[in-house]
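Structure record follows, encoded as structure tokens.
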Amino acid sequence: MHNDSELHFSGQSTFVDDWPLPETTLYAAVFVSPIANGLLKSIDAQKARAMPGVKAVLTAADIAGENQIGEIMPDEELLATKNLKFIGKPIALVLADSPATAQQGAQAIEIAYDELATEFNVRNAYHNNMTFGDERQFTKGDTKSAFEQAKWVVSGQVSCAAQEHLYFETQISIAIPVDKDRLKIISASQNPSAIQKLAAKVLGLSMNSIEVEVPRLGGAFGGKEEQAKPWACLAALGAQLTGHPVKLALSRQQDMHWTGKRHPYSADYRIAADETGRIQAYDVKFLQDGGAVADLSTAVLERTLFHATNAYQIPNANVKAVSCRTHHPSNTAFRGFGAPQAIFTIEAAIDHLACAMNLPRWKIQQKNLLQPGYRFDYGMTVQTDALQNCWQQLFKHKKIEMRLADIQKHNANKPRYIRSLALTPLCFGISFTATHLNQASVTVTIYTDASIGVAIGAVEMGQGVVDKIAIIVARSLGVSVKRVRVDFTNSSKSPNMSPTAASVGADLNSMAAIKACEKLKLRLVDFSNTFYGVDLSPETNFENNAITWEDLVANAYLQRINLSEHAFYATPDLYFDRVKEQGTPFSYHVYGVSAIESTLDTLLGTYHIDNVDVVYDLGQSLDTIIDLGQMEGGLVQGIGYATMEEIRWDEKGKLLTDSFATYKIPDLLSSPQISVDFIDSPSNPHGPFSAKAIGEPPLLLGLGAFFSISDSIRLFNKTAPINYTLPLTPERALLALYS
Amino acid sequence: MTFAFDLNGKAVSGDDGSVLLIDFLRYQLHLSGTKAACREGDCGSCQVLVKSPAARMFKAMPSCLMRLQDCQNCQVITIDGLPKNNPLITTLASSGASQCGYCSPGLTIGLINWLLNGKALSETEGASFINANLCRCTGYMGQKRAIKAIGEEYSHLLLSAEDRVAFLQKVNVLPKIVVHAYHQNTTPAQSPYYAQVQNKSAAILAGGGTDLYLHNKPSENPVISLLKTGEDHVVRMSDDCVSISALHPIQLVADTIDTLACLPAFSSFNHWFASLPIRNRATLGGNLANASPIADGICFFMALDTIIETNLRQVPIGQLFSGFKQTDLSLNEVITWLHVPKSVTRDYIYFEKVSRRGTTDIAVVNCCGRWQITDNNVSRVALVLGGASPVPVRLTSLENNLLGHSLQESIEELVDTHLDAAISPIDDSRGSKVYRRLLAKQLLLSQWESVKEKANHA
Ligand SMILES: Cc1cc2nc3c(=O)[nH]c(=O)nc-3n(C[C@H](O)[C@H](O)[C@H](O)COP(=O)(O)OP(=O)(O)OC[C@H]3O[C@@H](n4cnc5c(N)ncnc54)[C@H](O)[C@@H]3O)c2cc1C
Ligand code: FES
Ligand code: FES
């Protein structure tokens, strides 16, 4: 269970916006580009500067260090000097004595610019060579001859739309200047060390002048990995130049208009099978809409390549992908990180094949499921039969075949409400695909009152990493979890952190924590053996031991035993050769299967996702309530992505769905009943106490909602065009029913 | 305008009543337990409990859509005012209903609101009470587990409790503040604010403010609150009319109608209308005056041949609207009553709306039909579509052609012939023109399905 739950439910947990502020604090508002492409000619801030309450208006010219926050590619100015590449590009920063005055100040700024032609269509962008980096390609076998020889070949297009993170807490940062040239930044960021590094660069300071603290996040889902940076750096800039603390918070509308989303994709697939439905070849090309700047797009693209064949063994594969530049705000990390688009595409291809062959889709899925020993196109080999197990357990325990027969009977007379059930198998690789990020450092400290503090390199955002670490530390030291408290994430306590992402925050930090605890415990056991003259084993549980934990710690301190331990963990054996596109990018894979049942009202095109059953290979769960929560929440986010969550822009690139009123996420009544079976798989040497990751994979298991609804559409209208476009909104459903 | 009210048992007052309650709590009093994720009534995280002197019970309301002057003389309880070691919170925490925690304080308030106002404390009822408490993290299974656990824990105690507030205070769920006694509202139906309205030429009229205060549009003009929270004079019955107040919160209207059993179809309207906290503020007057093409109230009451009463006149509802979001109300004209002829309340009334999410969402197209079937034939019908034209429309030519139509036959051909000319849908972020046109047709076919089903059951 989440330790913070009681704090949350009583409103006592502190988020960045709740941080008590000094009276001298200034409030920041950002003036941004109103156009999606153009050249900035001049900025007129006179009116804003003259407004009572406005203390300063800052532009790029005020930056002492480097005006650059792009990491993978240096293509992102903090404040625009000339190129306006998307609506929402920061141009000037207004600092005032109240948030309202700052916003009014920003509204009073005027700019002159030349508007340039815009491109929002990823296919056009690709044809005009607007790309980030080169096209990548993974290959296996010989697709050419396989396609020639195959009995069945189908091909088509897939289109995946953007998805808004809609974290409940919007982007926010506070910067507090101290000394002459030190700064403390409190930021809602998944990536505190990156903020430390970039703020230092922008301000012309060294990293040791900047401390970044993150209490917790009100949701992030990838949206605060890269995209918390500009706001933190702007707050820091304001603090440096005014000497005042500065708070910068985006309103919901600003956040939705200015920040990036899940990458839209357009893909072309071709798939071949023999007469039994065994897949012979798969050829796919992904065009990714990276938005206006590189951000993490190429890293997201890489995961698309890794997951292009999802959970299937395909002897001949040819997977290409390229990231394209458009004039949308830069698209960014979002739970799943390029995998949802890949997996939706192969599932669509299989669906297409099933239609053509007139076979139930699940039979083709089943026939091609990964088996131990299969080698992926990127070189890794399937180690376990976990996926087969998940599939069989789902069929057995959730009575899938019986339910499919029931549904068929129900639908036989073409009733108004048609039901369908869709299966989605999943294979997801665990690790950062950027190998160097697979590291963490943790410090475990026993204080003189015997309480334990842990400094970790991961940010708590609801995923329960803090609770998992506390459990690990308590188990490893042999004390009650009540004694353990994990600190707010702080760049000075846990240096050079990787972002909390890729589902590995708990894995990496737990492994480091275990190492630290092992050393501490050995030291304490040694000490107690000499000091008390008793022979304690390293397995000792101090909560029911003759020598109490308090006594041991007090004496150890007096005898000058080091009660603090720092440990470092780097996932072993990871490498990836980007020339050969071969290697071991993941420390392990997780597997799962979902069954999604839905009801479609064929008269109105509305639908309800009724229930979802999941079997997931979790290893040994550290905390089932937390893991269950990740599964349930991820599923519903995935179902939202597949169904009702739709972003619309106008032809100038202005966001139309900029509020909770127009961008709809699932609510309680529209969400399904969810039933989850976790299967304990044998030991996992790469996970703490054999646990496995569960952050991102559940979202992918929600994609089946699309196929569940589209099956019903096709039952009603045999000639409905096969249109693999996410999301399948009630609008698309109705239009397909009657096309 | 000044304000004075009771916050978590302590008196608060000040000069600027135009400040939003959420900002006052968070940024002036630093009571930061109350969270705001959307600031437009859509997420439920900012809920607080409010009891006006003329109301019997605390009700959950969105603090992001209320100004301090809207709390005048009320008692307000926020998350920061709840007692420590709250057993409800312990139950909630163990259900896994919280991850990042941003929506959690609102959920606590939403559930207390359920315990205070629920009739059955069943799982279904619990879900309808907290459906407006959106969450981006959990997927709602934790919430469902919490509803079940809390329902089981409290239902037998609460349903028999004489005074729920006192009971919940006793068990440490609510703070032990002195709750103001219920004052029967003595304001007569014609209340003195009409005079106030007539004196102020530039005043802004506010009902519940659920539209007016969206994005806190700044305004220099004084706001005159028309909202009545008293539980009297909500619905009046006369020989030929059911008269419904335009100035009371819609949920109170629904509860009253439910008790009087005078217009059963209203409960389905209420079910589809916004969410409970919004219905605890929004009025029918505001819904009509807004004149939105997708206003559920206009669609519903147009089909009921409603007569609108204002402080100046009585007018058939159809004549009130002059164009997209435009009425012919004159300056400071106040909608006070909706008079529904009794003769129509016995017809079969079917209200349906289609939106992207289904619940707690604005319609793409809505439709209300009123039917009388005699000997298997249509003997009387009224059909209204919203969201398919600048103002909701009555489909008179279709209605005329439906008269005498047999239940055995399809109406598709008639719909195809008469619908197109009657509507003029547009594209917007909620739906395309093509979709709206098709949906309008399908909703009419759905009316027919419903009428046939009703006749079969009769
Ligand atoms: C989250 C949310 C969900 C919503 N869902 C729905 C929905 O499902 N269906 C729907 O139809 N609407 C919905 N709405 C819109 C809105 O809540 C309704 O239109 C509501 O009925 C407005 O009533 P109000 O009393 O709050 O109006 P206010 O905001 O107070 O006023 C709206 C306008 O009407 C004027 N006005 C108010 N009362 C009167 C009066 N008595 N006489 C003359 N003029 C008056 C005001 O001056 C103002 O111009 C929703 C709004 C929100 C925020
Ligand atoms: S902040 Fe979302 S309802 Fe008030
Ligand atoms: S727990 Fe994060 S929004 Fe509900």
Side-chain angles (χ1 to χ4, degrees), chain A residues 1-2 4-13 15 17-18 20 166-169 216-219 221 251-252 416 461-464 603-606 608 625 628-629 632-637 644 646 648 656-657 659-662 664-671 674 729-731 734-735 738, chain B residues 30 32-35 37-40 42-43 45 79-80 82 86 89-90 92-94 96 98-105 107-108 127-128 130-134 136-144 354 356-362 364 429-432 434-435 438-439 442-443 445-446 449:
Chain A
M1 173 183 122
H2 280 274
D4 285 350
S5 277
E6 295 214 11
L7 287 184
H8 290 332
F9 281 119
S10 54
Q12 289 173 296
S13 39
F15 293 84
D17 196 39
D18 307 334
L166 215 83
Y167 32 66
F168 268 37
E169 171 202 46
R216 55 169 61 76
L217 304 182
F221 317 113
S251 72
R252 176 60 57 188
R416 171 170 173 179
M461 44 191 153
Q463 85 282 40
L603 198 50
L604 299 178
T606 52
H608 191 267
I625 283 274
L628 191 60
E632 294 163 347
L635 274 168
V636 169
Q637 238 173 36
M644 69 178 75
E646 184 178 29
R648 293 195 185 195
L656 297 173
T657 44
S659 68
F660 274 65
T662 45
K664 288 296 179 190
I665 59 167
D667 62 2
L668 187 150
L669 290 177
S670 63
S671 296
I674 299 170
T729 56
E731 169 164 357
L734 187 70
L735 293 175
Y738 293 93
Chain B
H30 303 292
S32 57
T34 307
K35 306 290 182 227
C38 74
R39 298 180 69 95
E40 53 180 26
D42 265 297
C43 74
S45 33
I79 190 78
D80 291 300
L82 297 185
N86 198 317
I89 288 175
T90 313
L92 250 175
S94 60
S98 164
Q99 285 179 28
C100 82
Y102 220 72
C103 69
S104 308
L107 183 59
T108 307
S128 77
I130 63 159
N131 191 48
N133 290 88
L134 296 188
R136 189 52 158 164
C137 301
T138 59
Y140 305 105
M141 284 302 291
Q143 282 77 333
K144 292 176 199 170
V354 169
R356 183 177 289 259
R357 182 166 60 201
T359 37
T360 329
D361 196 0
I362 306 275
V364 180
S429 71
R430 289 202 169 84
S432 67
V434 195
Y435 176 47
L438 178 56
L439 199 51
Q442 298 302 114
L443 277 164
L445 300 184
S446 178
E449 292 299 309

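Chain naming here is simple, since letters A, B, ... match the order of the sequence lines and numbering starts at 1 in each. Bear in mind that the values here come from a model prediction, so they are computed numbers and not experimental data.
- Proximity to chain B is limited to the side chain of A:Leu628, based on heavy atoms less than 4.5 angstrom apart.
- Note that CG of A:Leu7 is 10.5 Å distant from OG of B:Ser104, once rounded to the nearest 0.5 Å.
- The only member of A:Ser670, A:Pro666, A:Pro730 that meets side chain to side chain contact (heavy atoms under 4.5 Å, CB included) when paired with B:Arg357 is A:Ser670.
- One finds the CG atom of A:Leu635 at 10.5 Å from the CE atom of B:Met141 (value rounded to the nearest 0.5 Å).
- No other option in B:Thr34, B:Asn86, B:Val354, B:Leu82 has as many heavy-atom pairs under 4.5 Å with chain A as B:Val354.
- Between chain A and the options B:Glu449, B:His30, B:Arg430, heavy-atom pairs under 4.5 Å are most frequent for B:Arg430.
- Minimum heavy-atom separation, B:Ser429 to A:Thr657: CB-CG2, 4.1 Å.
- Proximity to chain B (any heavy atom under 4.5 Å) is shown, for A:Ser10, by both the backbone and the side chain.
- Looking only at heavy-atom pairs under 4.5 Å with chain A, the residue among B:Gly358, B:Cys137, B:Gly96 that has the most is B:Cys137.
- Annotation: the span from B:Cys38 atom SG to A:Leu166 atom CG amounts to 9.5 Å, rounded to 0.5 Å.
- Proximity to chain B (any heavy atom under 4.5 Å) is restricted, for A:Ser13, to the backbone atoms N, CA, C and O.
- For A:Arg252 and B:Glu40, the salt-bridge test fails: no basic side-chain N is under 4.0 Å from an acidic carboxylate O.
- Ranked by non-hydrogen atom pairs under 4.5 Å with chain A, the options B:Leu92, B:Thr138, B:Thr359 are led by B:Leu92.
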Verdict with reasoning, A:Lys664 to B:Thr360, per side chain to side chain contact (heavy atoms under 4.5 Å, CB included): CA-CA 10 Å; A:Lys664 288 296 179 190; B:Thr360 329; 5.9 Å; no

